[in-house]
Number of protein chains: 2
Amino acid sequence: MTRTDTITDDLRHDILNGAFPPGDRLVELQLTQRYDCGRATVRAALVELSSEGLVDREANRGATVRRISVAEAIQITEARGALESLIAAHAARNANAEERVALNRVVADMRKAVAGESNSTYAELNQQFHRRLREMSGHSVAAELVANLRDRAAHHQYRLAIMPGRAAHSVEQHAAIASAIENHDEPGAAAAMDAHLRSVIEVLRRWGDAGPT
Amino acid sequence: MTRTDTITDDLRHDILNGAFPPGDRLVELQLTQRYDCGRATVRAALVELSSEGLVDREANRGATVRRISVAEAIQITEARGALESLIAAHAARNANAEERVALNRVVADMRKAVAGESNSTYAELNQQFHRRLREMSGHSVAAELVANLRDRAAHHQYRLAIMPGRAAHSVEQHAAIASAIENHDEPGAAAAMDAHLRSVIEVLRRWGDAGPT
DNA sequence: TCCACGACTATTGTTGACAATCATGTCGCC
DNA sequence: GGCGACATGATTGTCAACAATAGTCGTGGA
């Protein structure tokens, strides 16, 4: 793994974890001393993250951490929903018995987490569920796009997790998806996933009406 | 527009038009003299195109024009189908009267082109149809992803167009989409688009079984 | 004859410096 | 006091040079 890739990962990580809040300027020279490397290396990282949609880059005016409006977060989630449904359908077709068992175990852990009896956070299990699904589907193209979209809207997802009572609803939706996959029900899995993401969008929309731009 | 952006567009154009066939090595020094610029500029373009999925870049081993297998072309088309269905649904909701008329005019032109009575090629009209749909939808996130996916599989789409009798089928599918949009039928538009892309996949799959890897 | 080892070449990874551009603040003028 | 031209500083765009790496070819020995 080359140096540039490392810096890219570090910077992406720092952006996603809030070290650089949305709107922050990413001055190349400052980043060079933060990550201890040349400007070209930082530059390459910025180009990469720019085409991932995490940073804005204007000619001769520098890069900033991209600000994602609620409206755009909704679009991102819609696109993600379309692709995750595809993934769910493929997972229902391709997954083997072992993988199905593992998926159900994640759902069980989710139930424990909601009841406060788990040492894993619900957010972690949620990520694990979707990651596992992507692997089961074997659909690398959709998987890559979804991973990207997930990062882009990460800041809004974070707010979602805080919402009281949200996790309980979410668990049952995940259970429905796992159940459809258990039964090799491709359209059912896609529909369940679609319903899940649609419910996320609904929350985003309500939050958007109440909250700031 | 900065120099790097220009070079990036030029290189992308050259790749899509076959000046650099799939698998070709993209040696930085050669590109500098072809496009008359420094290596850093070429490098930035390669990074950009790499994250668009058009070129492969291995550490210390250089860049090559990405080779897309038929299997991957199918995945790309599946993902594109999921997103285009979303776009079609949004177009059915948001398009105004004027836009609907323009869309139907494209379909009419397509019919003429199939009958050999048009000066525009069918491929051009096809692109126009989908581009117009993206604009009508107002869904910039999905639109961007679809444009990218389209480029990635461009080489295979080219072979599709040659297939005899394919255009005639395709026209009616486009007509069905336009009709659903005319009637503000969101699920209908999505379903018609899904059927359209599914038929493309079917052709790709048949071709893949017969042709080379 | 075949394999292991080592130097060589080609190409990429990285750095620092120079030129071009944009934003900011100052000065003079009205 | 307000407004516009101009100089200044900060930041990016581009380039050429150096260092590091992977692939290749040739050589020597078993």
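Throughout, protein chains are lettered first and strands after them, A, B, ... in sequence-line order, and every chain is numbered starting at 1.
- Between B:Arg57 and A:Ala59, it is B:Arg57 whose nearest contact on DNA chain C lies nearer the 5' terminus.
- Formation of a donor-acceptor pair under 3.5 Å by the A:Arg134 side chain with backbone atoms of A:Ile87 is not found in this model.
- Remark: P of D:dA10 and CD of A:Glu28 are 16 Å apart, rounded to the nearest angstrom.
- To the nearest angstrom, P of D:dT11 lies 11 Å from CD of A:Gln33.
- Following rounding to the nearest Å, B:Leu31 (CG) and D:dT14 (C1') show an atom-to-atom distance of 17 Å.
- Remark: the B:Thr41 side chain and the B:Tyr35 side chain contain no N/O donor-acceptor pair separated by less than 3.5 Å.
- Backbone-only engagement by A:Leu26 is indicated by non-hydrogen atom pairs under 4.0 Å involving sugar-phosphate atoms exclusively.
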Could I get a table of every N or O pair under 3.5 Å where one atom is in the protein and the other is in nucleotides 19-21 of chain C?
| unit_1 | atom_1 | unit_2 | atom_2 | d |
| --- | --- | --- | --- | --- |
| C:dT21 | O3' | A:Asn60 | ND2 | 3.4 |

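- In this model, a donor atom of one side chain and an acceptor atom of the other lie less than 3.5 Å apart for A:Glu78 and B:His90.
- At a threshold of 4.5 Å between non-hydrogen side-chain atoms, the residues B:Leu145 and A:Leu149 count as touching.
- In this pair, B:His174 and B:His130 present their aromatic rings perpendicular. The plane angle is above 60°, beyond the 30 to 60° band.
- If you take CG of A:Leu29 and C1' of D:dT12, they are 11 Å apart, rounded to a whole angstrom.
- For A:Arg61, the side-chain atoms get nearest to C:dC22 when compared with the rest of C:dC22, C:dT12, D:dG13.
- A donor-acceptor contact closer than 3.5 angstrom is absent between the side chains of A:Arg66 and A:His155.
- Contacts with DNA chain C (heavy atom under 4.0 Å) in residues 37-45 of chain A: A:Cys37, A:Gly38, A:Arg39, A:Ala40, A:Thr41, listed by number.
- Remark: C1' of D:dT11 and CG of A:Leu46 are 13 Å apart, rounded to the nearest angstrom.
- Separating the CG atom of A:Asp5 from the P atom of D:dT21 is a distance of 15 Å, rounded to the nearest angstrom.
- Within the 3.5 Å criterion, the main-chain N or O of B:Ser140 finds a donor-acceptor partner in the side chain of A:Gln75.
- For B:Thr2, the side-chain atoms get nearest to D:dG13 when compared with the rest of C:dG13, D:dG13, D:dT11.
- Both B:Val27 and A:Asp36 sit near DNA chain C, but only B:Val27 has its closest nucleotide nearer the 5' end.
- Side chain to side chain, B:Ser51 and B:Arg57 fail the donor-acceptor criterion of an N or O pair below 3.5 Å.
- Between B:Thr4 and D:dT14 there is a side-chain polar atom (N or O) within less than 4.0 angstrom of OP1 or OP2.
- None of A:Arg166, A:Arg205, A:Gln173 except one satisfies the side chain to side chain contact (heavy atoms under 4.5 Å, CB included) rule with A:Val200; the exception is A:Arg166.
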